Amino acid sequence: MRQVLIFTAWLLLAQQVSASETEESFEPLSNKARQPHIQVELIAERPSAERQSPRVGVLFKPDPDWHIYWRNPGDTGLAPAIQWQGVKASGELKWPFPEYIPIAHLVNLGYHYETLLWAEADASNSSGKVQAQVDWLVCKEECIPGSAKLSLDLNQIDESASSAATALFDKWQTKLPQAFPLMDAFARVEDGKLALEIYASRPLFNEVNEVELFVENLDLVVYGKPLKQRALKNVLLWEQKLSEFKTENPDFVRAVIVIDRSTAYSLALPIRKT
Amino acid sequence: MKHAIISILTAVFFAPILSFAAVTIGEEAPNFELVDSNGSKQSLEQYRGKKVILEWTNHKCPFVEKHYGAENMQALQKRYTEEGVVWLSIISSAEGKQGYVTAEEANELTSSRNAAPSHVLFDPSGEVGRAYAAKTTPHMYIIDEKGMLKYNGAIDSISSANPADIPKADNYVDLAMASLAAGEEIKKPLTRPYGCSVKYAKK
């Protein structure tokens, strides 16, 4: 018990110290960290005249059978967080499409195996030093929170490391949701359900084996099998029970639609008041 | 197997949802009877006339450790039990799963952590947890003197495992209890609980 208090005091003190650092002073940190059941690695492309917005990201490698979470983690869990220092990330963190992870009676949304979360960096007018404060929760059935401060210098990345990073970013780029080719769509909240009627401008659902829909809004709907799902030609009908933790009706439902675990689309639909 | 496959998942209620009653704010909280760490039976009904706070717990969960390690949970327990509120710590971990403890271990933990629940209750079958749809540890419920559920959700507003967040967060238990004491409506009676999933027995 006393050890826990001492550790907690140390943790608070350590955070105080790092909070008072100026942007220019970077501890000689590594770009990799190994912690219980996960390895995290900061990777980046070398900036150049052709590459003014190099990509910078964190590769999460949970141990086999362990997973981290999507931006909406589902019933339980916590999404990983990355705070950038030094070189600024221009724009939001990019999230590859997730998977459903059932555990006992709950369902989470996340990633087994390796996943890359990244952003485009604004490398102009900066020293090229990047520091990422990474926090995560990695779970199998039990969960272990983790935290690491990773750093690297964009200008010190050699060609082969940069090419390797580019290859990884390009690979994960294909797992990002692209804009859904929308013709029309309707979203309604009624009778304790969220009902979606989505019409694509081309027959997206022809000859596919698996269609999954992930709602990004936290606790709008439950996370198990939808009440109804029909995907045919260019039409997707989807209904799911509202979450008991839903407190108000949001204006938009944001969703990611994944086809055959390989191609993903995102869309935001205004919710009709009925 | 035809190529042109239309994936049709027809309307079937996801079975496990049926086994979880939804408890509703403003409605009667489900009664239960569980054995405590001193071998005595405790029921919710016997406390009618008093406010009752339910705390789902698992001493090895990092989120529970956050609150106990910082003495936050103990402070809440003391504050409210001293006012005559009944505080029930409930362990729904199945045998062999994280958080499951014997009566002896539970009493040892209470004393070594300076905890002050009125009782620690064992629910290894998970029946009571499921009746309350308890999802995480911690997961907090507040029941008024009439047996009505008034609060269901997180202990506070910052879902993290970092104890440094405790003083920065709104403590939902304190806020709810203050509203009840003032005879006012609880502003946030239902919040998303955060923590480790309750380690239920497989059904």
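Below, chains carry the letters A, B, ... as their sequence lines are ordered, and counting in each starts from 1. None of the values given here were measured: they were computed from a predicted structure.
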K.L.:
Under 4.5 Å from any heavy atom of chain B, what part of A/Leu218 do you find: side chain, backbone, both or neither?
P.N.:
side chain
K.L.:
Does any N or O in the side chain of B/Lys135 come within less than 3.5 Å of the main-chain N or O of A/Asp75, such that one atom is a donor and the other an acceptor?
P.N.:
yes
K.L.:
Within a 6.0 Å radius of atom CD on B/Glu185, are there more than 12 heavy atoms belonging to other residues, nucleotides or ligands?
P.N.:
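Incorrect, the count does not exceed 12.
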K.L.:
Measuring heavy-atom distances to chain A, does B/Thr191 have an atom under 4.5 Å in its side chain, in its backbone, in both, or in neither?
P.N.:
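Contact with chain A is through the backbone of B/Thr191 alone.
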K.L.:
Hey, are the side chains of A/Pro145 and B/Phe63 touching, using non-hydrogen atoms and a 4.5 Å cut-off?
P.N.:
no
K.L.:
Would you say A/Tyr113 has more than 12 foreign heavy atoms packed within less than 6.0 Å of its OH?
P.N.:
no
K.L.:
Chain A heavy atoms under 4.5 Å from B/Lys188: which part of the residue, side chain, backbone, both or neither?
P.N.:
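Nothing of B/Lys188, per the 4.5 Å heavy-atom cut-off to chain A.
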K.L.:
Above 12 or not: heavy atoms from other molecules or residues under 6.0 Å from NZ of B/Lys60?
P.N.:
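It does not: B/Lys60 NZ has 12 such atoms or fewer within range.
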K.L.:
Tabulate, in ascending numerical order, the residues of residues 248-263 of chain A having at least one heavy atom closer than 4.5 Å to a heavy atom of chain B, or enter 'none'.
P.N.:
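None at all.
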K.L.:
Shortest non-hydrogen contact from B/Gly195 to A/Thr76?
P.N.:
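For B/Gly195 versus A/Thr76, the nearest heavy atoms are O-CB, 4.2 Å.
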K.L.:
For the residue pair B/Val23 and A/Glu244, what are the closest heavy atoms and their distance?
P.N.:
O-OE1, 4.5 Å
K.L.:
Restricting to non-hydrogen atoms, name the atom on A/Asp219 and the atom on B/Arg192 that form the minimum distance, rounded to 0.1 Å.
P.N.:
OD1-NH1, 2.7 Å
K.L.:
Inspect the surroundings of CD in A/Gln133 and state if more than 12 heavy atoms from other residues, nucleotides or ligands are less than 6.0 Å away.
P.N.:
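Yes, CD of A/Gln133 has more than 12 neighbouring heavy atoms, counting only those of other groups under 6.0 Å.
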K.L.:
State whether the number of non-hydrogen atoms from other residues, nucleotides or ligands found under 6.0 Å of A/Gln83 atom CD is greater than 12.
P.N.:
no
K.L.:
Using a 4.5 Å cut-off on heavy atoms from C-beta on, say whether the side chain of B/Lys97 contacts that of A/Glu142.
P.N.:
no
K.L.:
Determine the option with the most heavy-atom pairs under 4.5 angstrom with chain A, choosing from B/Asn152, B/Thr136, B/Val198.
P.N.:
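Max contact count across the listed options: B/Asn152.
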K.L.:
Rounded to the nearest 0.5 Å, how far does CG of A/Asp135 lie from OG of B/Ser160?
P.N.:
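That separation rounds to 9.0 Å.
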K.L.:
Among A/Cys143, A/Cys139, A/Gly74, which residue forms the greatest number of heavy-atom pairs with chain B at distances under 4.5 Å?
P.N.:
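Greatest number of close heavy-atom pairs with chain B: A/Gly74.
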